[in-house]
Colleague: 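Dropping the structure in here first, questions after.
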Amino acid sequence: MAAELFPNGISRYAVGGFLVGLGVVVIYIGTGIPAGASTFLESTLSYFSGQSRFQQYVSSRNWRVVFTLGIILGALAFAATVQSGLISTSLYEPGSTGTLYEFAGITLWTTSVQPWRLFVGGIFVGIGTRIGKGCTSGHGVCGVGSASKTSLAGVGTFLLVAIITAQIVAALGVSP
Amino acid sequence: MSDRHPLFIPLILVGGLIFGFGLGFSHMARPEVVLNFLQFDDLGLPFVMFGAAIVSGIAFWALPRIRDSAPLTGSRYERRLKPFDKNVLIGGAVFGVGWGLSGICPGAAYASLGVGNVTILWALAGMFIGAYIQGYARS
């Protein structure tokens with residue numbers, strides 16, 4: 001039963017989730033800011049667009065760029081260590097999704113999900129997270145962690161709609 | 001901005017590094033793994049999102065009881081609750097359609113780039129276009 005529901009175990013998810021939470025905690029301890037990831041989209045647009053909607057984020061846009069660069073580099077550090085086999089741990093289940101490839105001595109990874117799904121889905125994500133005031137980190141991690149009723153409503157909504165959407169897309173035979 | 005504490009930006013970077021490493025380790029940077037959750041083929045994802053929420057929730061609960069304000073900003077440790085209105089549900093539903101179609105959300109998309117997934121630039125381009133459309137429409 002557990003092997004069916006969790007074919008890759010739970011340790012990589014639990015450890016990864018702990019680290020995601022720890023990243024949020026480190027920033028919150030020092031700054032009092034509960035950091036989410038999707039505001040970066042609008043705050044970065046304020047560099048290029050004078051629209052008033054984006055200009056409200058001018059004061060936070062430079063640290064949000066740094067936060068995003070940190071996320072990219074942290075994931076690269078994961079690729080260079082655990083994904084490359086430099087660090088091996090029984091807590092990590094490598095799985096079999098996508099394609100691994102070597103570059104500059106590092107084992108990198110790329111998706112098999114079709115580009116049109118990523119692009120069209122990305123447009124909906126960009127619109128929805130900004131209208132809905134948060135994404136999986138702002139609502140899902142920080143908001144739920146604050147026991148915010150607003151965030152719990154947001155998370156319940158996007159989880160339910162995402163499950164329905166993914167099931168319909170899969171039923172239509174779109175894969176991967 | 002210029003009167004920021006010198007450790008403010010370095011701390012944001014360190015927090016981002018840990019956050020991004022965690023997204024890589026948990027495979028949330030892989031759209032396939034998120035789609036496998038949404039299709040009920042691998043139910044690991046809630047351990048990431050709610051595990052992270054529990055860890056951050058402990059800090060959100062404990063810090064205001066330990067000290068008043070954050071050392072690098074002087075900001076008070078307080079719950080910053082976003083007001084609820086119908087946009088939370090409308091936006092959440094639109095985000096859900098996008099997440100269910102693509103298997104990727106903003107933070108995981110940045111991390112996906114870090115693990116070498118150049119193809120995720122399609123999703124990032126889409127996210128910026130989407131964010132621009134709603135910002136243009138609401139400005």
Side-chain angles (χ1 to χ4, degrees), chain A residues 5 13-14 16-17 19-21 23-27 30-32 37-38 41 51-53 63 66-68 70-72 74-76 78-79 97 108-110 113 115 118-119 121-129 131-133 136-137 140-141 144-145 148 150 154 157-158 161-163 165-166, chain B residues 11-13 15-22 24-26 31-32 38 43-44 47-49 51-53 55-57 59 70 72-73 75 79 81-82 84 88 91-102 105-107 110-111 114-117 119 122-123 126-127 130-131 134-135 138-139:
Chain A
L5 299 179
Y13 298 111
L19 291 172
V20 169
V24 169
V25 170
V26 163
I27 292 173
T31 68
S38 66
L41 298 169
Q51 299 285 346
S52 58
R53 170 77 201 178
W63 75 254
V66 173
F67 181 51
T68 295
I71 294 172
I72 295 172
L76 177 62
F78 156 77
T97 51
L108 297 173
W109 178 88
T110 190
V113 173
L118 300 175
F119 183 66
I123 294 173
F124 279 94
V125 169
I127 296 172
T129 58
I131 290 179
K133 307 180 189 185
T136 23
S137 56
V141 176
V144 171
S148 154
T150 299
T157 304
F158 69 64
V161 174
I163 287 168
T165 304
Chain B
L11 187 79
I12 297 280
L13 181 66
L17 286 169
I18 301 169
F19 190 101
F21 193 100
F25 195 96
S26 65
E32 284 89 337
L38 297 173
L43 302 187
F47 284 88
V48 185
M49 189 157 68
V55 172
S56 54
L72 302 187
T73 57
S75 300
R79 292 172 82 202
L81 300 183
K82 296 169 182 169
F84 180 81
V88 174
V94 174
F95 171 38
V97 169
W99 198 36
L101 180 60
S102 64
C105 55
Y110 316 150
V115 298
N117 187 16
T119 315
W122 286 103
M127 287 178 198
Q134 66 81 37
R138 300 164 92 197
S139 283

Colleague: Do A/Ile123 and B/Met127 touch side chain to side chain, with heavy atoms closer than 4.5 Å?
Modeller: no
Colleague: Before you tell me yes or no, could you show the steps for B/Arg138 and A/Ile131 under side-chain contact (heavy atoms from CB on, under 4.5 Å), namely the whole-Å CA-CA distance, both residues' side-chain angles and the distance that decides it to 0.1 Å?
Modeller: CA-CA 9 Å; B/Arg138 300 164 92 197; A/Ile131 290 179; 4.1 Å; yes
Colleague: Which pair of non-hydrogen atoms, one from A/Ala166 and one from B/Leu38, has the smallest distance, and what is that distance?
Modeller: CB-CB, 3.5 Å
Colleague: Answer yes if the side chains of B/Thr119 and A/Thr110 hold a donor-acceptor pair under 3.5 Å, and no otherwise.
Modeller: yes
Colleague: Work out which heavy atom in B/Ala70 is nearest to a heavy atom in A/Gly32; give both atom names and the distance.
Modeller: CB-N, 3.4 Å
Colleague: Tell me, for A/Thr31 versus chain B, whether the close heavy atoms (under 4.5 Å) come from the side chain, the backbone, both or neither.
Modeller: both
Colleague: Do you know which of B/Gly98, B/Gly57, B/Ala111 has the most heavy-atom pairs under 4.5 Å to chain A?
Modeller: B/Gly98
Colleague: Please walk me through it: do A/Phe124 and B/Phe95 pass side-chain contact (heavy atoms from CB on, under 4.5 Å)?
Modeller: CA-CA 6 Å; A/Phe124 279 94; B/Phe95 171 38; over 6 Å; no
Colleague: With side chains defined as the heavy atoms from C-beta onward, is the minimum distance between A/Leu19 and B/Phe19 less than 4.5 Å?
Modeller: no
Colleague: In terms of heavy-atom pairs under 4.5 Å, which option from A/Gly154, A/Gly145, A/Ser38, A/Ala79 contacts chain B the most?
Modeller: A/Gly145
Colleague: Out of A/Ala75, A/Gly21, A/Gly23, return the one with the most heavy atom pairs under 4.5 angstrom to chain B.
Modeller: A/Ala75
Colleague: Could you check whether any side-chain N or O of A/Thr150 sits under 3.5 Å from a backbone N or O of B/Lys82, counting only pairs where one atom can act as donor and the other as acceptor?
Modeller: yes
Colleague: Of all of A/Ile27, A/Val144, A/Val125, which one pairs up most often with chain B through heavy atoms under 4.5 Å apart?
Modeller: A/Val125
Colleague: For chain A, which of B/Gly44, B/Cys105, B/Ala93 has the most heavy-atom pairs under 4.5 Å?
Modeller: B/Gly44
Colleague: Hey, is the main chain of A/Arg53 close enough, under 3.5 Å, to the side chain of B/Ser139 for a donor-acceptor pair?
Modeller: yes
Colleague: Give me the atom names and distance for the closest heavy-atom approach of B/Gly107 to A/Ile71.
Modeller: O-CG2, 3.7 Å
Colleague: What's the shortest heavy-atom distance between A/Phe158 and B/Gly92, and which atoms?
Modeller: CB-O, 3.1 Å
Colleague: Does the separation of the ring centres of B/Tyr110 and A/Phe67 fall below 6.0 angstrom?
Modeller: no
Colleague: Verify side-chain contact (heavy atoms from CB on, under 4.5 Å) between A/Val26 and B/Ile18, making sure each step is shown before the conclusion.
Modeller: CA-CA 9 Å; A/Val26 163; B/Ile18 301 169; 4.0 Å; yes
Colleague: Could you tell me which non-hydrogen atom of A/Trp63 sits nearest to which non-hydrogen atom of B/Ile12, and how far apart they are?
Modeller: O-CG2, 3.5 Å
Colleague: A/Ser148 and B/Phe84: side-chain contact (heavy atoms from CB on, under 4.5 Å), yes or no, with the steps?
Modeller: CA-CA 10 Å; A/Ser148 154; B/Phe84 180 81; over 6 Å; no
Colleague: Main chain of B/Leu43, side chain of A/Tyr13: is a donor-acceptor contact present, judged purely on distance under 3.5 Å?
Modeller: no
Colleague: Which heavy-atom pair separates B/Pro31 from A/Leu118 by the least distance, and what is that distance?
Modeller: CG-CD2, 4.2 Å
